[in-house]
Amino acid sequence: MGLIIWLIIGGVIGWLASIIMRTDGQQGIFLNIVVGIVGAFIGGLIISGGSINNQPLNITTFLVSLLGAVILLAIVNLIRRGRVR
């Protein structure tokens, strides 16, 4: 059951991050899920100094994951286009 929750929350976080970074039309549901999960990992490393997977899902962990996903998309845009939009 935890894997299904990871995929759903990862998809939502990736979708919201892609809307914030204006890349929503370029990626599908699979890439949204990947961005959300990897973004949660990045956010956990940057903000809390470790993984946020052991913490319960609340607004703080959701926002940390969203911030990590936005950072991930900004890095990808920087590498792809040479600028962050």
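- For the pairing with Leu63, the side-chain contact (heavy atoms from CB on, under 4.5 Å) check across Thr60, Ile59, Leu67 returns one residue only, Ile59.
- Residues passing the side-chain contact (heavy atoms from CB on, under 4.5 Å) test with Leu73, sequence neighbours excluded: Ala17, Ser18, Met21, Thr23, Gln27, Val35.
- Note that CG of Asn58 is 4.0 Å distant from OG1 of Thr61, once rounded to the nearest 0.5 Å.
- If you take CD1 on Ile9 and CD1 on Ile4, they are separated by 12.5 Å, rounding to the nearest 0.5 Å.
- Distance check: Ile37 CD1 to Ile33 CD1 gives 6.5 Å after rounding to the nearest 0.5 Å.
- With sequence neighbours left out, the side-chain contact (heavy atoms from CB on, under 4.5 Å) criterion links Ile19 to Trp15, Asp24.
- The CG atom of Leu7 lies 12.5 Å from the CG atom of Asn32; values are rounded to the nearest 0.5 Å.
- Between the OG atom in Ser65 and the CG atom in Leu16 there is a gap of 11.5 Å [rounded to 0.5 Å].
- Note on residues 33-45: no pairs pass side chain to side chain donor-acceptor pair (under 3.5 Å), not counting sequence neighbours.
- Note that CD1 of Ile13 is 12.0 Å distant from CD1 of Ile8, once rounded to the nearest 0.5 Å.
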